[in-house]
Amino acid sequence: MADKHLHIVCLDVPYPVDYGGVFDLFYKIKALHALGILIHLHCFEYGRGRQTELNNFCSTVDYYERIKIYNSLPLRLPYIVSSRADPALLKNLLKDEHPVLLEGIHCTYFLSTGALKNKKVFVRLHNVEYQYYEELARSTSNIFKKLYFSNESRLLKKYEKLIAPRAIFIAVSQNDKNTYEENFDVREIRYLPVFLPFTEVQAEEGSGDFCLYHGNLSVPENEKAVVWLMENVFHNLDIPFVIAGKNPPKYLETIAHRNEYMCVVANPTEKEMEDLIKKAHIHVLPSLNNTGIKIKLLHALFNGRFILTNLGAVKNSGLEIFCEVAESPLEYKKMLQKLFKATFTGEIITKRKKILESVYNNHENARRLIQWIC
């Protein structure tokens, strides 16, 4: 049987797997490689460095620089797109007839220009980007960031509508699929679950003695969610609350120090984070937007106990049945007090295993992807 080749264009270097945005990228590459696909990887590198680990899964790896924002002015296209318009990338993609998987709207510049019209092109949606940037604008208090995010959202909405008929799209969530079908003239869109490092549910029965929020704390959305929890939910509860993640702003620690039951764990190691996730009794993970899929939520479902979130985080995701949902501070408080007295049982674990290990099966999902693309 002839070898199957695939170009994959990544918005960032997909290794190390140290933030949510690269989970799907890296574990998809790994799963496709395991099934014999010869991957030609193209990465935009802007701070993460060239990673030799990727050579273990890819036949070729090429790196490109992003165009600086001052060289992209005035912004007629979203900067996340125009900054990845490297002619060397186009030249490499056109060297052969192999299909192309563009990871994220970020990598679709040459799709928008028509330069890839003779190629078989697929676009992996990581979010409905215009909605994501709209929420970033709402979440930040920095006026310059707010203006940038708002303008990027405006440009993205026009841009996503422009390219929707030009390729086959693959969404990470049913919500994103629905949005594209309802709002854009999309030619074809399919749903494929996110690729994960977790292969089996390893949550432990019993009880923990604290609540946990974990995530990248330098992301405005996460930062805002944490402040909301600290100031509106946990501020007068005698339930321990741990906030753990990358690069927390100093003022989060200041807020935490006002309450003896709160603490911030800054930049935990991977092992330390896994330990916190396993030992927590309740994972409190509200989300301010309902696009994409929440890796931290899946991380907690595979490895942790009870989950408390809001409807926006789980609506149409299939994960609703595993989570408790609250919206107002009072609803959160009541549910926290109830769950903190409950025991996490083997019956709950069995229910998770039956569904999660089937839906988020990297091997089977890679097989489906290969059938579509190659």
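This one's a predicted model, so the numbers in the text were calculated from it and none came from an experiment. Hydrogens, waters and symmetry mates play no part in the numbers below; they use all other heavy atoms, side chains included.
- The two residues Asn178 and Asn316 make their nearest non-hydrogen contact at ND2-ND2, 4.0 Å.
- For the pair Glu103 and Lys28, the salt-bridge criterion is met [side-chain N within less than 4.0 Å of a carboxylate O].
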task = Walk me through it: do Arg154 and Glu152 pass the test salt bridge (charged side-chain N to carboxylate O under 4.0 Å, His left out)?
result = CA-CA 5 Å; Arg154 178 184 65 81; Glu152 197 77 345; over 6 Å; no
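- Enclosure of atom NZ in Lys278 by more than 12 non-hydrogen atoms of other residues, nucleotides or ligands within 6.0 angstrom is indicated.
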inquiry  = Evaluate Asn267 against Asn247 for side chain to side chain contact (heavy atoms under 4.5 Å, CB included), listing each step before the verdict.
reply    = CA-CA 6 Å; Asn267 301 305; Asn247 304 325; 3.3 Å; yes
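- In this structure, Lys315 places its NZ atom where only 12 or fewer heavy-atom neighbours from other residues, nucleotides or ligands lie under 6.0 Å away.
- The two residues His281 and Gly208 make their nearest non-hydrogen contact at ND1-N, 3.0 Å.
- The residues Glu347 and Lys351 are annotated as not salt-bridged, no charged nitrogen and carboxylate oxygen being separated by less than 4.0 angstrom.
- The distance from atom CG of Leu285 to atom CG of Asn310, rounded to the nearest 0.5 Å, is 9.5 Å.
- Remark: Phe210 pairs with no residue by the ring pair (Phe, Tyr, Trp, His ring centres under 6.0 Å) rule, at least two apart or across chains.
- Donor-acceptor pairing under 3.5 Å is lacking for the side chains of Tyr180 and Asn175.
- By the neighbour-count criterion of 12 heavy atoms within 6.0 Å, atom CZ of Phe306 is densely surrounded, having more than that number from other residues, nucleotides or ligands.
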request  = Go through Glu135 and Arg138 one step at a time and tell me if the salt bridge (charged side-chain N to carboxylate O under 4.0 Å, His left out) criterion holds.
outcome  = CA-CA 5 Å; Glu135 186 51 52; Arg138 277 198 291 264; 2.9 Å; yes
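- When every heavy atom of Asp86 is checked against every heavy atom of Phe44, the shortest pair comes out as CB-CE2, 4.3 Å.
- No more than 12 heavy atoms of other residues, nucleotides or ligands sit less than 6.0 Å from atom OH of Tyr132.
- Each of His42, His98, His40 was evaluated against His7; a single residue qualifies, His42, per the side chain to side chain donor-acceptor pair (under 3.5 Å) test.
- The one candidate from Leu102, Val123, Ile105, Val186 that meets the side chain to side chain contact (heavy atoms under 4.5 Å, CB included) condition with Ile163 is Ile105.
- Shortest non-hydrogen contact noted between Val264 and Leu252 is CG2-O, 3.9 Å.
- Taking hydrophobic clusters as Ile, Leu, Val, Met, Phe, Trp and Tyr residues chained together by side-chain heavy-atom distances below 4.5 Å, Val172 shares a cluster with Leu32.
- Donor-acceptor pairing under 3.5 Å is lacking for the side chains of Asn216 and Lys296.
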request  = Step by step, work out the ring pair (Phe, Tyr, Trp, His ring centres under 6.0 Å) result for Phe198 and Phe302.
outcome  = CA-CA 7 Å; Phe198 329 117; Phe302 271 88; 5.5 Å; yes
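- Lys294 and Ala313 make their closest contact through CG-O, 4.2 Å (heavy atoms, listed as atom of the first residue, atom of the second, distance).
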ask   = Can Lys279 and Asp275 be said to form a salt bridge (charged side-chain N to carboxylate O under 4.0 Å, His left out), step by step?
value = CA-CA 6 Å; Lys279 290 181 177 178; Asp275 196 47; 3.1 Å; yes
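- Partner of Tyr332 under the ring-ring contact (aromatic ring centres under 6.0 Å, His included) criterion, chosen from Phe241, Phe234, Trp228: Trp228.
- A donor-acceptor contact under 3.5 angstrom links the side chains of Tyr159 and Thr108, judged on distance only.
- With salt bridges taken as basic N to acidic carboxylate O contacts below 4.0 Å, one links Arg48 and Asp18.
- Between Arg190 and Glu188 there is a salt bridge, since at least one side-chain N of the basic residue sits less than 4.0 Å from a carboxylate O of the acidic one.
- Contact detail for Leu77 and Leu155: the closest heavy-atom pair is O-CD1, 3.6 Å.
- For the atom pair NZ of Lys30 and CD1 of Ile39, the computed distance is 12.0 Å after rounding to the nearest 0.5 Å.
- Note on Glu221 versus Lys224: no salt bridge recorded, every NZ/NE/NH1/NH2 to OD/OE distance being 4.0 Å or above.
- Between Lys161 and Asp185, no side-chain nitrogen of the basic residue sits less than 4.0 Å from a carboxylate oxygen of the acidic one, so the salt-bridge criterion is not met.
- In this structure, Phe195 is a member of the same hydrophobic cluster as Val201, with clusters built from ILVMFWY side-chain heavy atoms closer than 4.5 Å.
- In Lys177, the NZ atom is crowded: over 12 heavy atoms of neighbouring residues, nucleotides or ligands sit closer than 6.0 Å.
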